[in-house]
There are 2 protein chains.
Amino acid sequence: MSKKAKGIISNQIRKKRFEKDEMTQQELAKALGVTRQTIAAIEAGKYSPSLEVAFCLTDIFETSLDELFQWQADTSQTGEDS
Amino acid sequence: MSKKAKGIISNQIRKKRFEKDEMTQQELAKALGVTRQTIAAIEAGKYSPSLEVAFCLTDIFETSLDELFQWQADTSQTGEDS
DNA sequence: ACCAAGTGTTAAGTATATTTGACATGGTGT
DNA sequence: ACACCATGTCAAATATACTTAACACTTGGT
């Protein structure tokens, strides 16, 4: 119950992938040095990537971390505080 | 040999911590919801944080990911390519 | 000399990210 | 109908981030 829940991270990867030459998950995965499943999972929001992978993505899409990832800070203070 | 080595990530956490009211590792850790050892390890460059922790940091220091973390892309193509 | 606070560091455990291998689905071309 | 490609998804294994608990060192205060 009420895990850590700091916030929600979303990303523009799928979007960027289409903008960038209709790139396929497979191709992106190869360019990144990860597997296709990893891309799929990240796009699906199952988990968010490591900083390393995140940075590689900015390299490929020629963008910035702050443009590629969005952070929705958590406001629901369910648990205990200070 | 020649692991994955995409690049090197450095950060301004320690710097920001002093700028921000001489904040201690302990305090930062608490504000972040992680342990003191985690802060120490990240500052020492033993590993880089998850995107979640990274975003929390930008929240606390009122800065951006791109200002807090630096990415030195790897140029030494030791292994095989395409 | 002592104590407390801040930091470095290490070992063993849990949690999460990522891999490998597999199977299912929808689309497109033959 | 069949093959091919892109994607969704799942289970089991490995890698990395993070925790808990402990000990060492330095600095400042008494």
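Protein chains get the first letters and strands the later ones, always in sequence-line order, with residue 1 at the start of each.
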Can you check the [X] [atom1] to [N] [atom2] distance for me, whole Å?
{"X": "B/Ile39", "N": "D/dC18", "atom1": "CD1", "atom2": "P", "answer": "9 Å"}
{"X": "B/Gln26", "N": "D/dT19", "atom1": "CD", "atom2": "C1'", "answer": "13 Å"}
{"X": "A/Leu28", "N": "D/dA6", "atom1": "CG", "atom2": "C1'", "answer": "13 Å"}
{"X": "A/Gln25", "N": "C/dT19", "atom1": "CD", "atom2": "C1'", "answer": "16 Å"}
{"X": "A/Glu43", "N": "C/dT18", "atom1": "CD", "atom2": "C1'", "answer": "16 Å"}
{"X": "B/Asp21", "N": "C/dG6", "atom1": "CG", "atom2": "C1'", "answer": "16 Å"}
{"X": "B/Glu27", "N": "C/dA5", "atom1": "CD", "atom2": "P", "answer": "12 Å"}
{"X": "B/Glu22", "N": "C/dT7", "atom1": "CD", "atom2": "C1'", "answer": "14 Å"}

Test side-chain contact (heavy atoms from CB on, under 4.5 Å) applied to A/Glu67 and B/Asp66, step by step: CA-CA 10 Å; A/Glu67 203 172 303; B/Asp66 293 298; over 6 Å; no

Evaluate the side-chain proximity of [Y] to [X]: yes if any heavy-atom separation is below 4.5 Å, no if none is.
{"X": "B/Lys16", "Y": "B/Thr63", "result": "yes"}
{"X": "B/Lys30", "Y": "B/Glu27", "result": "no"}
{"X": "A/Met23", "Y": "A/Ile60", "result": "yes"}
{"X": "B/Ile42", "Y": "B/Thr38", "result": "yes"}

Please pick, from [options], the nucleotide with the shortest atom-to-atom distance to any side-chain atom of [X].
{"X": "A/Thr38", "options": "D/dC18, C/dT18, D/dT7", "result": "C/dT18"}
{"X": "B/Thr24", "options": "D/dC18, C/dT18, C/dT7", "result": "C/dT7"}
{"X": "B/Thr35", "options": "D/dT7, C/dT7, D/dT20", "result": "D/dT20"}
{"X": "B/Lys46", "options": "C/dT10, D/dC18, C/dT18", "result": "C/dT10"}
{"X": "B/Ser48", "options": "C/dT10, C/dT19, D/dA17", "result": "D/dA17"}

Name the pairs: protein N/O against N/O of nucleotides 22-30 of chain D, kept only if under 3.5 Å.
none

Phosphate OP1/OP2 of D/dA6: any A/Arg17 side-chain N/O under 4.0 Å: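 Answer no for this pair, as no side-chain N or O of A/Arg17 is under 4.0 Å from OP1 or OP2.
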
Backbone of B/Ile13 reached by a side-chain donor or acceptor of B/Asn11 within 3.5 Å: yes

N/O donor-acceptor pair under 3.5 Å between B/Glu43 side chain and B/Ala40 backbone: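 Not at all, since once roles are kept as given, no pair shorter than 3.5 Å links the two residues.
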
Can you give the donor-acceptor pairs under 3.5 Å from side chains of residues 46-59 of chain B to other protein atoms, not counting sequence neighbours?
unit_1, atom_1, unit_2, atom_2, d
B/Ser50, OG, B/Val53, N, 3.3
B/Thr58, OG1, B/Phe55, O, 2.6

Helix axis bend for the helix from C/dA1-D/dT30 to C/dT30-D/dA1 - C1'-based end axes, five pairs, 10° rounding: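 Axis angle across the helix from C/dA1-D/dT30 to C/dT30-D/dA1, nearest 10°: 30°.
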
CZ on A/Arg17 to CZ on A/Phe61, rounded to 0.5 Å: 7.5 Å

OG1 on B/Thr35 to CD on B/Gln26, rounded to 0.5 Å: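 Here the rounded value is 9.0 Å.
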
For A/Glu62, all residues meeting salt bridge (Lys or Arg N to Asp or Glu O under 4.0 Å), sequence neighbours excluded: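 So A/Glu62 forms a salt bridge (Lys or Arg N to Asp or Glu O under 4.0 Å) with A/Lys20.
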
Those residues that, when tested against B/Arg36, pass salt bridge (Lys or Arg N to Asp or Glu O under 4.0 Å) (two or more places apart): none

Neighbours of DNA chain D within residues 50-65 of chain B, by heavy-atom distance under 4.0 Å: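 Here the set is B/Ser50, B/Val53.
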
Contact nearer the 5' end of DNA chain D, comparing B/Ile42 with A/Ala40: A/Ala40

